[in-house]
Amino acid sequence: MNLTCLYEMMDKAFDVENWWPSESPFEIMIGAILTQQTSWESVDRTLRTMRREGVLSPSSMASMDGARLEDIIRPCGFYRQKAERVQSLARYIVERYGGSPSPLLEKEVEEARRELLSLKGVGKETADSILLFAGHRPVFVAASYVSRVLERTGVFSSRDYDEIQRFVESSLPGPPEHLARLYALFVQLAKTYCKSSPLCHQCPLREYCPFPRQTRK
DNA sequence: ACCCAGGTGGCCC
DNA sequence: GGGCCACATGGG
């Protein structure tokens with residue numbers, strides 16, 4: 001069992017087209033922060049409210065009332081720090097780039113990543129999600145879901161973010177779409193089958209999983 | 001009444 | 001450089 005084989009198996013089992021829906025790169029950046037430790041359903045609700053209220057752009061979000069932003073984000077949890085962080089991100093884009101995230105996302109990958117990581121509320125996983133899904137850059141997101149599946153299938157055992165990222169990026173070269181698709185498949189698989197023991201036994205990868213009864217990370 | 005979710009930053013040693 | 005902890009709501 002190697003990564004390519006795993007990729008093909010998951011690809012056969014799941015449909016992850018339009019896995020990270022959005023109308024703009026900025027929306028992906030905001031969604032990436034909101035979805036930290038939060039289900040996508042809650043994030044989706046908040047993003048729809050933002051769109052409806054017309055605050056899903058750097059300039060409008062930068063200047064809106066903080067308490068109102070907190071209210072909109074509340075369903076996502078950690079709403080105070082998330083409100084502060086997304087607004088400071090919006091202001092950063094307005095002040096530094098005149099309101100468009102494109103110049104940042106189009107910088108050389110290493111530089112863009114460093115810049116994203118310097119923002120409060122943007123760690124490795126969030127930065128890489130933004131680079132991959134908003135910037136279409138060839139960067140893999142080595143989320144905890146990923147290490148869980150890699151470990152359980154015996155493909156690669158490590159908890160170290162950078163190590164997993166290097167492993168995947170070097171094992172699966174090619175266009176960024178593959179890395180995005182692979183990441184989506186990992187999350188989809190873990191979400192669907194790794195949550196509970198009964199589901200685990202129906203996993204399409206159960207024959208390859210060395211820990212068939214393990215249900216938690 | 002638990003446990004978990006498409007993590008991060010701050011503090012401690 | 002790793003091990004805890006707070007952050008917080010919503011759903012199973």
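Note that the structure is predicted; figures quoted are calculated from it, not measured. First the proteins, then the strands, lettered A, B, ... as listed; each starts at 1.
Minimum atom distance to the side chain of K120(A) is reached by dG10(B), of the listed dG10(B), dG7(B), dG6(B). For Y145(A), whose side chain is taken as the heavy atoms from C-beta onward, the closest listed nucleotide among dG10(C), dG6(B), dA8(C) is dG6(B). The side chain of E125(A) approaches dT8(B) more closely than any other nucleotide in the set dT8(B), dG9(B), dC7(C). Listed nucleotides dG10(C), dA8(C), dT8(B) differ in distance to P75(A); the shortest reach to its side chain belongs to dG10(C). The listed nucleotides are dG10(C), dA5(B), dT9(C); the one nearest the side chain of R45(A) is dG10(C). In the set dT9(C), dA5(B), dG6(B), dG6(B) carries the atom at the smallest distance from any side-chain atom of W20(A). Side-chain proximity of Q81(A) to the nucleotides dG7(B), dG9(B), dG6(B) is greatest for dG7(B).
Taking atom CD of E41(A) as the reference point, atom P of dA5(B) lies 13 Å away to the nearest angstrom. Between the C1' atom of dG7(B) and the CZ atom of R85(A) lies a distance of 9 Å, rounded to the nearest Å. Atom pair D128(A):CG and dG7(B):P shows a separation of 13 Å (rounding to whole Å applied). dG6(B) atom P lies 16 Å from atom OH of Y161(A), rounded to whole Å. Rounded to a whole Å, the CZ atom of F78(A) is 11 Å from the C1' atom of dC5(C). As a whole-Å value, the separation of I73(A) CD1 from dG10(C) P is 13 Å. Between the P atom of dA5(B) and the CD atom of Q188(A) lies a distance of 14 Å, rounded to the nearest Å. Counting to the nearest Å, the C1' atom of dA5(B) and the CD1 atom of I33(A) are 17 Å from each other.
Using a 4.0 Å heavy-atom distance criterion, V141(A) is classed as making no nucleic acid contact. Using a 4.0 Å heavy-atom criterion, one finds that I28(A) contacts no nucleic acid atom at all. As judged by a 4.0 angstrom heavy-atom cut-off over every strand, K191(A) is placed among the base-contacting residues.
Between dG6(B) and dG3(C), the distance separating the two P atoms is 24 Å to the nearest Å. Separation of the C1' atoms belonging to dG10(C) and dA1(B) is 16 Å when rounded to the nearest angstrom.
Ionic pairing of E27(A) and R51(A) is present here: one or more N-O contacts between side-chain nitrogen and carboxylate oxygen are shorter than 4.0 angstrom.
Neither side chain, Y193(A) nor Q188(A), offers a donor N or O lying under 3.5 Å from an acceptor on the other. No side-chain donor-acceptor contact under 3.5 Å links S157(A) and E151(A).
For the pair R80(A) and dT8(B), the criterion of a side-chain N or O lying under 4.0 Å from OP1 or OP2 is not met. Taking 4.0 angstrom as the limit, T35(A) places none of its side-chain polar atoms (N or O) nearer than this to OP1 or OP2 of dA5(B).
Counting only heavy atoms from C-beta outward, the side chains of T192(A) and Q202(A) never approach each other to under 4.5 Å.
In terms of heavy-atom proximity, L179(A) sits nearest to L172(A) at CD2-O, 4.0 Å.
When each of V122(A) and F133(A) is assigned the nucleotide of DNA chain B with its nearest heavy atom, F133(A) is the one assigned upstream, toward the 5' end.
Put simply, CD on E8(A) and CG on N2(A) are 8.5 Å apart, with the number rounded to the nearest 0.5 Å.
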